[in-house]
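In the text below, chain A, chain B and the rest are named by the order of the sequence lines, each starting its count at 1. Because only heavy atoms are used, hydrogens play no part in the values below, and waters and symmetry mates are left out as well, while side chains stay in.
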Amino acid sequence: MAIENTIDKSNEELSKQDFVSDQMVKWCPGCGAHAILASVAKVFPEIGYKKENFCFVSGIGCSSRFPYYVNTYGFHGIHGRANPIATGVKVSNPHLSVWIATGDGDSMAIGGNHFIHIVRRNVDVNIMLFNNHIYGLTKGQYSPTTPMGSKTKTSPQGTIEQPFNTANLVMGAKGTFFARVVDTRPGLMTDVMYEAAKHDGTSVVEILQNCIIFADKTHEDITGKDVKDDNQLLLKHGEPMIFGKNKDKGIVYRDGALMAVTIGEDGFKLEDILVHDQYRYNPGLQRMLARMHPPKLPVALGVIRSVVAPTYDDLVEEQIEYAKANDPIKCVDDLLNSGDTWEL
Amino acid sequence: MHRTQIQNIMTNNKIIELDDAVVKFVGDSGDGMQVTGTLFSDTAALMGNDLATFPDYPAEIRAPHNTIAGVSGFQVHIGKRRIHTSGDNCDVLVAMNPASLKANLKWCKPNATLIIDNDIFDVSGCEKAGYASNPLTDNSLNGYKLYSLPISTLTKNFIEGKVGDVKLGMRTKNMFLLGIVYNLFGMDLKTAHHLIGKRFKKKASVAELNKEVISAGYQYAEEHNLFTEKFHVGPADLEKGAYRNITGNVATAWGLLAASEKSGRPLFLGSYPITPATEILMELAQHKSLGAKVFQAEDEIAGICSAIGASFSGSMACTTTSGPGLSLKSEAIGLAVITELPLIIVNVQRGGPSTGLPTKSEQSDLYQALYGRNGECPVIVIAASTAANCFYYAYMAAKFSLEHMTPVILLTDGYLGLGSQIFKIPKMSELPEIKPPIAEANDPDFKPYRRDNRLVRKWAIPGTIGLRHRVGGLEKLDIEGTVSTDPLNHQKMSEYRLQKVLKVADYMPEQDVYGEDSGDLLVVSWGGTQGAVRSSVKHMIKDGKKVSHAHFHYIMPLPKNTAAIFSRFKKIIVCELNMGQFVNYLRASLPEYKYEQYNKIQGLPFLVAELKAKYNQILEEK
Ligand code: SF4
């Protein structure tokens, strides 16, 4: 079902084919980015906007080749600057559906400042953050999300830096939408991308993506065949937080912390399990959920936070409309002759 | 200052007719010097003078009381001739305290008139200013016409009984002084009353008090026959029409708004506050009714990157900054060059390098504008030369940027940006057309990097049916615009980008020459030095020398007739407020000529005398 807002709807039935570009996709075979591209091509027709109203913006990195591989208006920027470029695109032309393809180097390191500010302003764009814990395009240096201790080309003895938690950066910057997906679950990716498109404001979708060349299996403790059921919690609004191969595990809140329990053990009943509220304005619990990780807790996937707040671009339009209605200066001739002038 | 003296038989006072006069009001931050100076200059404007002003704020926001750091000033240059700058040295200095006298005496001409509130010159006041003894009584001011008056006492005596709060009322002592200055220049008090009434529209009692005090000051000077010599600056021979005062930064903002309206492309500004460019950002933020979208970014880089995004999606996009900010924007300028998108970059230059002299002016960012990027990265470079013509050059910068699909750097400077000048109000209908090359929906021939005969590609705005395409920072394949690493294609595209910019010269006005179009010496300058250099050349011509002046506004590309002009002079000297950036650019661009140079890098404008001395020296050399 097409999303309703001020962006022009397509008056023809679109398909995946409408978004396939004629450029050769040059990601490594087996790279998680391929699955992300497929999900975008699948979800864009469902979103239902006119195909000319989609615009992709990127920075630099493997992720940022994305605009070349999808047939929309596209802008391949410079390192770290996808977010401000996209801000300009959207504010200048609010009838575009603006998508940002960026990575953990692009948006967490060199463009970290821009990232927190676009989130804070709540510009109505969709950020797809390819988090592969590594710099791929420059061949394997650690990034701000690389787990501490990881050995990379620039950390032969292991990194000695604490990594960022993307979700907590977003919520710390008063983000209105945060979701997390894994590149191994295409269905979840399209669902979440659709939700991101529907959200008015900055939607951050963190995609745990595998770089098969330089950080292979970095997300294996989440996506591995044997562990995925026990280490992934798929959040759904209004539903209890249940996970595990046998759907018998759940999350409870005890003594100021989250805890994974087995229903029926230690006196825990289904009613004790937390129910997900993605629309709750107070981000306290959402932050705790976003911070969960194995081995003690599963990683939270799906839409973790989605709250209503005015968007920057809407407020810009509002102020302009107000000024146009109320300011006596209607054109530049008015301006030139305003205030103190005299005739000679 | 050209003088003719007329005896006033009635009072036995002399009236000295001046072509122009520089008056500077200085005092402590709280003394109301900006208001005082503005009233004086507005009155002069209404009396028909041409004028330019410059505010001289302290760098610190709240500097300690009565110290040099807290001195605030306002310089007004009025004339019966055309006035281009706020002037070099003062004919009249009005000083409200010792610190302001100390800080400004060096800017006074010999024998200048000093009008001073001597009530503040007690021992502690003098000490705070760093005077060992009282300059009003130690004969150190013998070379000046000193009017040492107890202004505070006089003001106090006048307002006592008139106002309840005498301390508050004492804030009008600047008006008492101003009344004295009006008397000195024979200026109209009625005009002052009218302007005061306007300024304090909402506070009638304040307006009344100010009017009374300024009149009292005037009367005091009159009754005490204070000035045996008075000054008169007659009205300037200005074209008929509507006028206003404008600062360079406001003129820049308005020029951009005018270009946006003319071109039909909405204005987007992505900018970050920086001295002395911030006023452009603040001014544009006032004009949302004209559709201006103003984005105050988190940093300089986001400022320009948001503008590039806005340009891609169809706005007339601008970013404004000063030197250090331009450095931060360098990489992104390259992105706008390779994506061949319009972008107007305004650099209000200040003294550098690094933080340098934020409140002082310099022309030292020319290299940065021309070359300060990685790769072969040509952009159009234009420089304004007066506060008022910032309007016109901002407009032309936008016109060339939009029509030729390329970034333009507009250079102004702190003196132009913060200084004000009389501005003849143009009509929008008289400004040249601006026609950006926008691609039509479903254009079957559209290719992102197909060029017309000017080498300009089309602007295909997202949302337009049938024109989906990608641009970006990677080298583009000719015509197709896809990514290409082909060696010959890179050469071709590099040449296109350069030729496209050079071809803009075909659409630019020719360079003009002041004075004879051939001679012994051509003085070359650019940007904000026009007034001082023009005056120096006028003096030389008056002295019978064969000297002419070419002041450049279009720098990259150079006007097409530049070489032809240079070829007609025996010698060429390039004067600029840097270590020789334009002269070296000319040496590289037109190496067949020999260039002398005169440079100054003190954060100060040129003085006519130093320029003349240099010209004479060069003319004498064989
Ligand atoms: S280097 Fe890694 S992230 Fe980049 S394309 Fe190859 S697998 Fe994908």
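For A:E12, the CD atom is densely surrounded, since the number of other residues' heavy atoms within 6.0 Å is greater than 12.
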Pair up each side-chain donor or acceptor in residues 333-345 of chain B with any protein partner under 3.5 Å, not counting sequence neighbours, and list the distances.
unit_1 : atom_1 : unit_2 : atom_2 : d
B:T339 : OG1    : B:L335 : O      : 2.6
B:T339 : OG1    : B:A336 : O      : 3.4
B:E340 : OE1    : B:R451 : NH1    : 2.9
B:E340 : OE1    : B:K500 : NZ     : 3.0
B:E340 : OE2    : B:R451 : NH1    : 3.4
B:E340 : OE2    : B:R451 : NH2    : 2.8

Ignoring hydrogens and angles, write down the donor-acceptor pairs under 3.5 Å from the side chains of residues 315-322 of chain A, residues two or more places apart or on other chains.
unit_1 : atom_1 : unit_2 : atom_2 : d
A:E317 : OE2    : B:K293 : NZ     : 2.7

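At least one donor-acceptor pair closer than 3.5 Å links the side chain of B:R244 to the backbone N or O of A:S338. Here the side chain of B:E298 pairs no donor or acceptor atom with the backbone of A:H117 at under 3.5 angstrom. Of the possible polar contacts, one joining the B:S289 side chain to the A:I329 backbone as a donor-acceptor pair under 3.5 Å is found. Remark: side-chain polar atoms of B:R468 are not paired, donor with acceptor, to backbone N or O of A:G74 under 3.5 angstrom.
Taken from CG in A:D327 to CG in B:L290, the straight-line distance is 7.0 Å, to the nearest 0.5 Å.
Across A:N93, A:I118, A:V57, the residue that shares the most heavy-atom pairs under 4.5 angstrom with chain B is A:N93. Across A:D8, A:L96, A:I60, A:N53, the residue that shares the most heavy-atom pairs under 4.5 angstrom with chain B is A:L96. Of the listed residues A:H79, A:H95, A:R121, the one with more heavy-atom pairs under 4.5 angstrom with chain B than any other is A:R121. For the options A:D333, A:N326, A:T87, heavy-atom pairs under 4.5 Å to chain B are most numerous at A:D333.
Looking at A:Y49, neither its backbone nor its side chain comes within 4.5 Å of chain B, counting heavy atoms on both sides. Interface residue B:F312: only side-chain heavy atoms are found under 4.5 Å from chain A.
Note on ring orientation: taking the six-membered ring where Trp is involved, the planes of A:W342 and B:Y243 are parallel (angle under 30°, cut-offs 30° and 60°).
Here the shortest heavy-atom pairing between B:T464 and A:E52 reads O-CG, 3.1 Å.
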